[in-house]
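Letters A, B, ... are given to chains in the order of the sequence lines, protein chains preceding strands, and every chain is numbered from 1. Quantities reported herein were computed from a predicted structural model and do not represent experimental measurements.
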2 protein chains.
Amino acid sequence: MGPAAQFSTKDRILGAAEELFALHGFAGTSLRQVTSKADVNIAAVNYHFGSKENLVNEVFRRRMDVMSALRLSQLERALSAHPGQLRPILAAFVEPALAMALDRNGGGAFVRVIARAYAEKNDSLRRFLSDHYGHVLRDFGRAMAACLPDLDKETLYWRLDFLAGALTYAMADFGVIKRPQGVSEAQHRAQAAAELIRFAEAGFHAGGGRPTASPDPSEA
Amino acid sequence: MGPAAQFSTKDRILGAAEELFALHGFAGTSLRQVTSKADVNIAAVNYHFGSKENLVNEVFRRRMDVMSALRLSQLERALSAHPGQLRPILAAFVEPALAMALDRNGGGAFVRVIARAYAEKNDSLRRFLSDHYGHVLRDFGRAMAACLPDLDKETLYWRLDFLAGALTYAMADFGVIKRPQGVSEAQHRAQAAAELIRFAEAGFHAGGGRPTASPDPSEA
DNA sequence: GTCTATAGGCTGATAGAC
DNA sequence: GTCTATCAGCCTATAGAC
C-alpha cells in the first residue's frame, strides 16, 4: 500500500470504469470496454465485483465517500470559524466538488459520473445515494437554516436543490461556457466554483416570502 | 389531421421512445422496447427514422421546437412590455420549460429527456442541439446583458449556465424536495418555477466584480 | 487470482414477401 | 407501409483449467 505500489487489478477496473462511465454512461459502457481499458481479463470484473450493477455502485462509493467527508469537515470548520455566515457554508458545499473535479487521479471523470447518476431514474442507485449520503445534505440544510432564520424551510430546500443542480452541471462542464485558450482546466473550474458561490449567496439571501405561483402556462 | 385523428405509427414511436429515453436513457433503451411499447413492428423504426441516432434527434426536435418558440415569443413580449426588467426575461426562460413539464400529452417525460441529453456526452446530439437551438440561448444572453450593463459577459454566461442547470434539475424532479400530499404535480412544478425565478433574479443581480478565484482545495 | 472458452441472449439493421 | 425472418455482432455471466 506504499506510494509506489502498483495499482491493483481492482483499482484499475474502478478507474477505467469511472472514465468510461463518464464518457458513455452506465448503459453505454460495456464491461469489455472496461476490462480492455484496464488491461485486465474480462472475467476479472465478475470475480472482483460480481456484477456490472455492483461495479457501478463501487465506482460511486469510492469517490463519494471522499467528497462527503471533505464537505462535512469543511462545514464544521466554517461553522466554528465563521458562525452565522452563509458564504463559508456554501463554499463548504461547492469547493469539495471542485476539488474532486481537479483531482489528478481521475476524479475529473467522477463529477460527470455524478451527473449521470442524477439522470438515471435508476431506483437502486438513487436509493443507495439517498441512504448513504442524504445526511450530508441534511447537515447543510440545518447549517443554512441557522444563517437564514427568516427563510421558510421549504424555500430553503428548493434553493439547496437549485444549488446542487447548478453545481452538478457546472462541474460536469455542460452548458455554453467554453474554456478560453490560455486558461487552464483548473483555473476554469475554480472560476466556476467562485462564480457559483457568489451567485448562490445572493440567491439564498433573496426575500423570504412565498412567491405567488405563476399561472399555469399550459392553460394560456 | 383532425383532432380525432389516430396517432400515426410515427407519432406512436416518438411518444414511446420519449418515455423510455426518459426512464432508461438513450443507450439504455433498445429499439425493441420502443416498438413493443408503441405496438408497432420492429422494422417500422428503421423505415420511418432510418437509424436509432436519428430517432433520438427527432424525439428532441418535436418538443424542443415548441419550447424554443415559446421561449422566444415570451421573451419578445417581456422585452416590449417590461423593458429593462430582468425578472420577465427569467420567466420567459423558465416558464416554457414548466409548460412542457406540465403538458398533458407526454411532455413531462421530455424534461427528463433533456436532463439525459445534458448527461450524455453524446457528441452528435450535442452538436445537433447547439446548431439548432444555440441562438435561443444567445438571444437570452443579449436581453439579459441589456438589463445588467455592469455585469461582464463572462459572469453573465456563467450565471446562465447555473440557471439552466438548476432549471433542468428542478424540472426533471431530481433533488431532495418531495412533493407533499395534497399538492398536485402541477402546483409542485409551478412552485419550483416561481422559486427558481426569484432565486435566479437575486443571483443575477449579485455584485458584478470578478470574484477572487478560490485557492485550489486539492492543494490544501 | 487470472486465464480461455463459451453459453445464451439481446442488439441494430436489412432483405424481401405482401 | 407493414410484416416475418434473419444476419452478424455484441452483451453479461459463468464454468473450469491453471
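Phosphate contact (OP1/OP2 of dT2(D), side-chain N/O of T9(B), threshold under 4.0 Å): present. Under 4.0 angstrom from either OP1 or OP2 of dT4(D) there lies at least one side-chain N or O belonging to N41(B). Under 4.0 angstrom from either OP1 or OP2 of dG12(C) there lies no side-chain N or O belonging to S51(B).
Remark: E201(B) does not engage R198(B) in a salt bridge, criterion side-chain N to carboxylate O under 4.0 Å.
In terms of modelled atom types and a separation under 3.5 Å, the side chain of R71(B) and the main chain of A92(B) share no donor-acceptor contact. Using a distance-only test at 3.5 Å, with no hydrogens or angles considered, a donor-acceptor pair links the side chain of R116(B) to the main chain of L23(B). No side-chain donor-acceptor contact under 3.5 Å links S68(B) to the backbone of D65(B). At distances below 3.5 Å, not a single donor-acceptor pair connects side-chain atoms of D103(B) with backbone N or O atoms of G108(B).
Taking a 4.0 Å limit (strictly below) on heavy-atom distances, residues 19-30 of chain A reaches DNA chain D at T29(A), S30(A). Residues from residues 42-49 of chain B placing a heavy atom under 4.0 Å of any atom in DNA chain D, listed by number, are A43(B), Y47(B), H48(B).
Looking at Q187(A) and Q191(A), their side chains never bring a donor and an acceptor atom within 3.5 Å of each other. Side-chain contact, N41(A) with Y47(A): no donor N or O sits under 3.5 Å from an acceptor N or O.
Taking atom CZ of R12(B) as the reference point, atom C1' of dT2(D) lies 12 Å away to the nearest angstrom. dG1(C) atom P lies 18 Å from atom CG of D39(A), rounded to whole Å. Here the P atom of nucleotide dG12(C) and the CD1 atom of I13(B) are 13 Å apart, to the nearest Å. Protein atom CG of N54(A) is 13 Å distant from nucleotide atom P of dT14(D), rounded to whole Å.
The two residues A143(A) and L75(A) make their nearest non-hydrogen contact at CB-CD1, 3.9 Å.
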